[in-house]
Amino acid sequence: MNVYGLIGNPVGHSLSPPMHEAGYDALGIDAKYVTFEPPKDGAVAAVESAATLGVRGLNVTIPFKEDVLSAVDPDPLAARIGAVNTIDFSTDPPTGYNTDAAGVIRSFEHHGVTLSGRAVVVGAGGAGRAAAFALADEGVAVTIINRTESKAQKLATAVTESDTIGNATAGGLDSLDTVVPDTDILINATSVGMKEDRSPIPQAALHGDLAVLDAVYSPLETRLLREASEAGATTIDGAWMLLFQGVEAFERWTDESAPVDAMNEALRANL
Ligand code: ATR
């Protein structure tokens with residue numbers, strides 16, 4: 001039996017085990033997916049121990065996504081983003097990937113959204129970083145908006161100076177009113193709206209030509225998505241992003257096409 005897993009602290013009530021195990025079941029793969037909670041300074045030791053124990057793959061979540069970089073060989077995208085959320089132990093050293101970026105791209109593609117024109121990414125934390133690099137690599141002109149504007153500036157510079165075909169600029173929350181009306185793609189990569197009826201985007205700025213992805217998945221219909229839907233926009237909830245980062249990891253580990261419908265069903269049944 002193959003073992004896959006997740007390291008995080010706190011690892012909490014993760015949706016990844018049922019999602020991945022539904023994938024193994026659908027393809028007849030003999031595998032288990034388990035969660036581990038190493039101490040906060042234990043990221044590298046956890047990766048080394050997993051390698052010793054023959055673990056096939058690990059997902060990595062908060063607070064370890066940067067810490068594990070020194071224990072793996074990151075692929076070029078993960079190295080540019082500066083964070084790893086998926087480790088493949090079939091190589092020595094293990095390979096580090098960032099499938100959050102693919103999670104963003106595949107969520108839009110699954111909903112028939114063309115990735116071109118302009119995008120606004122609100123948030124400059126882990127999710128915002130992955131989204132900004134992913135969209136810039138598709139040739140999209142990205143504006144990163146963050147409460148702490150200096151963090152948005154720093155990320156925009158990192159994206160623009162990295163090997164990308166797009167580009168990135170930055171702004172503070174007060175520029176949303178003017179930027180969003182000219183935007184095709186909007187991503188909320190902040191925690192605003194999580195278990196609260198609040199939106200990071202002024203309602204009046206939303207419009208019908210937008211495709212909106214909210215990284216928040218609790219609730220599934222956030223205030224942002226409700227208001228975007230009322231404005232006639234295409235809306236994509238945060239469970240899609242969670243699904244497709246997992247689908248991408250599954251495919252890296254197994255070299256098979258992931259059974260997306262089975263994984264999606266299991267994920268949503270456990271939300
Ligand atoms: P993640 O890895 O999930 O992206 P994170 O790194 O903690 O999480 O980032 C959280 C993001 O949400 C940040 O961009 C943060 O803005 P700051 O950099 O200014 O802290 C943003 N955020 C959190 N609470 C917010 C709020 N009340 N209003 C606006 N932005 C908020």
Side-chain angles (χ1 to χ4, degrees), residues 6-16 40 43 59-69 77-78 80-86 96-105 107 119-136 142-159 168-177 179-180 186-203 205-206 212-220 222-225 227-228 236-246 249 271:
L6 168 68
I7 56 170
N9 186 337
V11 77
H13 177 69
S14 171
L15 296 160
S16 291
K40 292 214 163 122
N59 282 133
V60 182
T61 190
I62 291 166
F64 299 133
K65 288 186 186 185
E66 290 90 23
D67 295 356
V68 299
L69 273 167
L77 178 62
R80 286 163 65 223
I81 295 173
V84 162
N85 81 322
T86 299
Y97 297 104
N98 188 307
T99 71
D100 290 330
V104 171
I105 300 304
S107 293
V120 166
V121 174
V122 190
R129 277 189 83 79
F133 277 95
L135 289 170
V142 181
T143 303
I144 301 152
I145 304 282
N146 198 45
R147 179 177 59 181
T148 311
E149 198 175 335
S150 58
K151 267 173 72 184
Q153 289 288 0
K154 214 171 145 201
L155 174 53
T157 302
V159 170
T169 54
L173 289 176
D174 55 359
S175 52
L176 284 168
D177 286 315
V179 177
V180 174
L186 173 65
I187 299 179
N188 174 35
T190 74
S191 49
V192 178
M194 195 186 296
K195 300 193 169 87
E196 59 176 5
D197 190 35
R198 230 156 47 90
S199 168
I201 314 297
Q203 186 173 10
L206 299 169
V212 182
L213 169 63
D214 199 334
V216 172
Y217 58 83
S218 180
L220 269 185
T222 57
R223 179 159 173 178
L224 167 60
L225 292 188
E227 292 177 351
I236 305 169
D237 67 51
W240 291 106
M241 207 173 134
L242 189 60
L243 171 70
F244 281 113
Q245 64 74 32
L271 274 171

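Both ligands and their constituent atoms are indexed starting at 1 by order of listing.
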Residue among Val120, Asp214, Ile201 satisfying side-chain contact (heavy atoms from CB on, under 4.5 Å) with Asn188
Asp214
Looking only at protein heavy atoms, what sits closest to atom 6 (O) of ligand 1 is Gly125 CA, 3.3 Å
Heavy atom under 4.0 Å from ligand 1: found in Thr190's side chain, backbone, both, or neither?
both
Between Asn188, Val192, Thr148, which one has a non-hydrogen atom sitting closest to atom 28 (N) of ligand 1?
Val192
Say whether, by atom type as modelled, one donor and one acceptor occur between the side chain of Asn146 and the main chain of Ala124 under 3.5 angstrom.
yes
For ligand 1, note which part of Arg198 has a heavy atom under 4.0 Å away: side chain, backbone, both or neither.
side chain
Would you call Arg129-Asp100 a salt bridge at under 4.0 Å N-O?
no
Proximity to ligand 1 by part of Asn146, non-hydrogen separation under 4.0 Å:
side chain
Of the side chain and backbone of Lys151, name the one, both, or neither that has a heavy atom under 4.0 Å from an atom of ligand 1.
side chain
Please confirm whether Ser191 comes under 4.0 Å of ligand 1, counting heavy atoms of the residue only.
yes
Is it true that a side-chain atom of Thr222 and a backbone atom of Leu225 form a donor plus acceptor pair closer than 3.5 Å?
yes
Do Thr148 side-chain atoms and Ser150 backbone N/O form a donor-acceptor pair below 3.5 Å?
no
Determine whether a donor-acceptor pair (N or O, by modelled atom type, separation under 3.5 Å) exists between the side chain of Arg223 and the backbone of Asp197.
yes
Atom 8 (O) of ligand 1: the protein heavy-atom neighbour that sits closest, reported with distance to 0.1 Å
Gly126 N, 4.5 Å
Separation between CD (Gln245) and OG1 (Thr86), nearest 0.5 Å, reads 6.5 Å
Looking at non-hydrogen atoms alone, which of Arg129, Lys65, Glu149, Arg147 comes nearest to atom 20 (O) of ligand 1?
Arg147
Please check whether Ala124 reaches ligand 1 - meaning an N/O of the residue sits under 3.5 Å from an N/O of the ligand, judged on distance alone.
yes
